[in-house]
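Just so it is clear, the structure is predicted and the values come from calculations on it, not from any experiment.
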Amino acid sequence: MSLSGNVSASLVSTITSRDFNNNSITSSSTSAKLLSFGRADSIVGHQLPLARSYSTKRRRNVSPLKVVCVDYPRPDLDNTSNFLEAAYLSSTFRASPRPSKPLNIVIAGAGIHTSIPFHISLPIYVVVIRLTFFYSGLAGLSTAKYLADAGHKPILLEARDVLGGKVAAWKDKDGDWYETGLHIFFGAYPNMQNLFGELGINDRLQWKEHSMIFAMPNKPGEFSRFDFPDVLPAPLNGKYSLHPVSVKSFKWNNEMLTWPEKVKFAIGLLPAMLGGQAYVEAQDGLSVQDWMRQRGIPDRVTTEVFIAMSKALNFINPDELSMQCILIALNRFLQEKHGSKMAFLDGSPPERLCKPIVEHIESLGGQVRLNSRIQKIELNKDGTVRNFLLNDGNIIKGDAYVFAAPVDILKLLLPEDWKPIPYFKKLDKLVGVPVINVHIWFDRKLRNTYDHLLFSRSPLLSVYADMSVTCKEYYDPNRSMLELVFAPAEEWISRSDSDIIDATMSELSKLFPDEIAADQSKAKILKYHVVKTPRSVYKTVPDCEPCRPLQRSPIEGFYLAGDYTKQKYLASMEGAVLSGKFCAQAIVQVVVDLKWRRSCYKFKISYTYKHHLYPKSRFQDLHLDISLSFLPGTSVIAMYRSLDQ
């Protein structure tokens with residue numbers, strides 16, 4: 001998982017499974033069987049009326065922590081400034097003037113070329129592309145969704161037979177889901193929260209207690225937590241949360257940070273809280289570790305808190321991560337009352353999130369096509385895109401093209417003629433970070449767990465959750481399924497899956513000393529799945545912010561979408577959704593500008609016609625910009641037709 005929301009995205013995801021019941025090993029990418037859900041009316045952020053709960057029976061000799069699965073009511077997000085800003089941006093697409101001349105677009109099946117008329121009129125036909133062995137992620141789905149809202153006809157091409165990208169998931173032969181990552185939906189994700197409301201699926205988020213829970217490495221089996229009391233407004237509830245409380249005793253303590261450390265850290269944060277976004281962006285050149293030391297904050301603060309947070313945000317350690325990334329997260333969490341409140345999706349992302357987006361797109365005339373892989377971006381003589389060539393030989397043409405794949409794939413398929421252009425050349429510094437997602441099914445219900453996301457504070461593990469407790473679809477009263485993010489993973493990505501499982505079990509023996517042993521002499525593994533992603537979200541290192549591109553490229557008709565593009569939420573699910581909105585906005589704006597220019601030209605032609613007694617040379621001088629001339633007496637209708645051609 002990532003505090004930014006995305007965990008292991010696929011550049012090339014290797015999925016390995018082992019079933020100990022059958023003593024067999026498989027390597028697969030079994031597609032998720034996509035169910036059909038009825039789409040509710042579009043409601044922006046409607047309130048979840050009641051909390052729902054389900055619980056396990058309390059057993060004898062359990063740990064002091066009682067595992068009770070409770071969904072909390074949806075927090076009051078709808079009146080926050082960020083939510084309203086996101087809602088307004090969504091409304092601009094729905095309020096756009098409806099195109100009067102829909103295109104007739106022919107999309108061929110296998111072995112047939114796609115036929116697209118050369119002369120086109122509104123609405124614009126947009127190809128939103130996802131690339132070889134990758135999924136239609138949230139950036140591509142968001143772009144297509146909001147273009148469809150604006151009245152256009154997007155076609156989303158997906159290379160695989162499963163949707164999701166960084167949130168993809170598959171079912172194994174037992175019917176159990178395993179995912180590319182552990183996904184958390186924060187209250188500080190206004191565009192994501194609006195998306196759920198617009199699709200009428202707010203009830204699919206399972207909101208948890210407003211806390212952050214950390215394992216205590218020096219006290220195996222115990223946890224400390226940061227609470228965010230709802231009775232206090234932000235940022236006071238965040239400051240109040242700097243008092244860790246033991247899950248075991250629920251008494252105030254100083255186990256993670258001493259009072260002097262808390263005070264020094266709070267003083268160091270004051271410029272960020274007062275300086276706003278401008279200050280945050282100015283810290284991009286410093287790593288987390290360097291920023292802390294420059295402000296006299298003890299290294300123990302970094303060790304105790306920010307190693308875990310850095311790994312959760314970007315899968316790397318504080319000596320590599322840009323401080324801008326941490327400050328953006330802290331600003332959202334401290335400035336917004338419910339910003340740090342977390343929710344789990346109630347099932348697999350392809351079915352419970354991606355499928356409703358696809359249904360929405362298709363209900364408005366757009367299309368989503370699976371198993372469509374791109375081989376090459378082919379250009380016209382002027383350097384613009386002529387078409388996309390697919391691996392099966394099909395040619396896909398459009399009036400505009402959106403590349404919504406990870407930045408590493410963009411660099412691989414970038415045409416040679418584009419590489420010297422500064423807009424594309426600066427992408428060289430943006431590189432995906434490796435990450436591994438691990439699922440382990442045990443033969444028993446683990447007792448020392450909690451209905452929440454847990455920060456392991458392990459040198460090898462980032463965050464984890466017992467999905468048999470936190471997620472309704474994965475709920476199991478008899479056996480636990482731990483989903484864990486293995487990061488940093490650079491030194492492990494090429495290691496065998498058995499090595500990764502052995503290392504994971506060794507770390508889990510410290511988190512569950514009474515229940516798990518590295519040699520499986522206690523809880524036994526029934527099966528596991530390992531998903532390796534050599535290139536996930538872009539690595540947010542110092543000085544990479546200036547390299548992030550705007551969604552509209554200098555190539556006419558070519559656009560980018562993805563969390564690596566310019567938007568304020570960095571590498572996250574929220575960033576992916578917002579980048580899709582910005583991309584759709586850029587395309588819609590081009591259409592509006594074109595329509596306005598056409599109106600101006602028609603007005604000038606009409607005006608000249610009324611004054612046709614001017615000399616012919618005067619008439620031509622007035623219209624050199626459109627390279628058209630009309631003799632006196634030419635009808636206005638004929639001039640309009642000529643212009644449209």
Side-chain angles (χ1 to χ4, degrees), residues 2 4 6 8-13 129-134 137 139-140 165-166 281-288 290 310 313-317 319-325 328 374-379 383-385 388 401-435 487-491 493-494 533-556 558-572 575-576 579 582-583 586:
S2 143
S4 316
N6 285 334
S8 45
S10 286
L11 180 58
V12 184
S13 290
I129 192 73
R130 294 292 304 181
L131 299 183
T132 307
F133 47 76
F134 292 93
K166 297 179 179 69
E281 292 179 0
Q283 309 312 303
D284 177 53
L286 294 173
S287 70
V288 176
D290 291 342
S310 297
L313 282 166
N314 200 237
F315 315 122
I316 56 179
N317 283 316
D319 60 336
E320 290 188 278
L321 183 67
S322 168
M323 188 60 191
Q324 182 196 36
C325 186
I328 286 176
I374 186 173
Q375 178 180 328
K376 186 179 180 181
I377 301 173
E378 297 187 327
L379 305 182
T384 58
V385 179
F388 287 139
Y401 299 84
V402 177
F403 197 103
V407 65
D408 299 276
I409 291 299
L410 170 61
K411 291 187 288 185
L412 286 175
L413 292 180
L414 200 65
E416 289 296 326
D417 291 350
W418 291 0
K419 290 182 178 179
I421 300 174
Y423 175 88
F424 296 110
K425 190 173 181 59
K426 67 183 181 179
L427 298 178
D428 289 343
K429 189 167 183 179
L430 301 180
V431 179
V433 61
V435 68
E490 188 169 357
E491 296 180 3
I493 201 73
S494 60
T533 307
R535 291 289 183 266
S536 180
V537 295
Y538 77 96
K539 198 172 185 178
T540 313
V541 296
D543 296 319
C544 73
E545 184 64 23
C547 302
R548 299 174 67 202
L550 295 173
Q551 286 74 26
R552 183 177 179 179
S553 83
I555 306 299
E556 183 180 356
F558 186 77
Y559 301 82
L560 299 179
D563 57 18
Y564 70 93
T565 61
K566 197 72 174 179
Q567 42 75 27
K568 63 183 179 180
Y569 288 93
L570 303 180
S572 64
S579 78
F582 284 166
C583 183

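For the atom pair Leu560 CG and Phe582 CZ, the distance stands at 14.5 Å (nearest 0.5 Å). Distance check, rounded to the nearest 0.5 Å: OG1 of Thr384 to CZ of Phe558 gives 11.5 Å. Atom OG1 of Thr540 is separated from atom CZ of Phe315 by 10.0 Å, given to the nearest 0.5 angstrom. Rounding to the nearest 0.5 angstrom, the gap separating the CG atom in Leu427 from the CG atom in Asp408 is 10.0 Å. Atom-to-atom distance recorded for Gln283:CD and Cys325:SG is 13.5 Å, nearest 0.5 angstrom. Atom CG of residue Leu413 and atom CD of residue Gln375 lie 9.5 Å apart, to the nearest 0.5 angstrom.
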Requested in this report: Output, in order, the C-alpha distance, side-chain angles, deciding distance and verdict of side chain to side chain contact (heavy atoms under 4.5 Å, CB included) for Ser572 and Asp563.
Outcome: CA-CA 6 Å; Ser572 64; Asp563 57 18; 5.6 Å; no
Requested in this report: Determine, stepwise, if the pair Tyr401 / Ile555 fulfils side chain to side chain contact (heavy atoms under 4.5 Å, CB included).
Outcome: CA-CA 10 Å; Tyr401 299 84; Ile555 306 299; over 6 Å; no
**Report entry** Worked check of side chain to side chain contact (heavy atoms under 4.5 Å, CB included) between Ile377 and Phe388
**Finding:** CA-CA 5 Å; Ile377 301 173; Phe388 287 139; 3.5 Å; yes
**Report entry** Asp543/Lys429 under side chain to side chain contact (heavy atoms under 4.5 Å, CB included): CA gap, chis, key distance, verdict
**Finding:** CA-CA 9 Å; Asp543 296 319; Lys429 189 167 183 179; 3.3 Å; yes
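The two residues Gly432 and Arg535 have their closest heavy-atom pair at O-CD, 3.1 Å. Of all heavy-atom pairs between Ala586 and Tyr559, the closest is CB-CE2, 4.0 Å. Across all their heavy atoms, Phe403 and Pro406 have their closest contact at CE2-O, 4.4 Å. Contact detail for Gly562 and Thr565: the closest heavy-atom pair is O-OG1, 2.6 Å. Counting all heavy atoms, side chain and backbone alike, Pro542 lies closest to Ser287 at CG-N, 3.8 Å.
Between Val537 and the choices Val407, Val435, Leu313, Asn314, the side-chain contact (heavy atoms from CB on, under 4.5 Å) rule is met once, by Asn314.
Under the rule for a side-chain contact (heavy atoms from CB on, under 4.5 Å), the partners of Glu490 that lie at least two apart in sequence or sit in another chain are Pro434, Lys539. With sequence neighbours excluded, the residues forming a side-chain contact (heavy atoms from CB on, under 4.5 Å) with Glu545 are Asp284, Gln324, Arg548, Lys566, Leu570, listed by chain and number.
Counting non-hydrogen atoms of neighbouring residues, nucleotides and ligands closer than 6.0 angstrom, the CD atom of Glu556 reaches no more than 12 such neighbours. When the shell of 6.0 Å around NZ of Lys411 is examined, it contains more than 12 heavy atoms from other residues, nucleotides or ligands.
For the residue pair Ser579/Gln567, the side-chain donor-acceptor check at 3.5 Å is not satisfied.
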Name each donor-acceptor pair under 3.5 Å that joins a side chain in residues 418-426 to protein atoms two or more places apart or in another chain, with its distance.
unit_1	atom_1	unit_2	atom_2	d
Trp418	NE1	Gly383	O	2.9
Lys419	NZ	Glu416	OE2	2.8
Tyr423	OH	Leu550	O	2.5

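Taking 4.5 Å as the limit, some side-chain heavy atom of Tyr564 sits within range of a side-chain heavy atom of Pro549.
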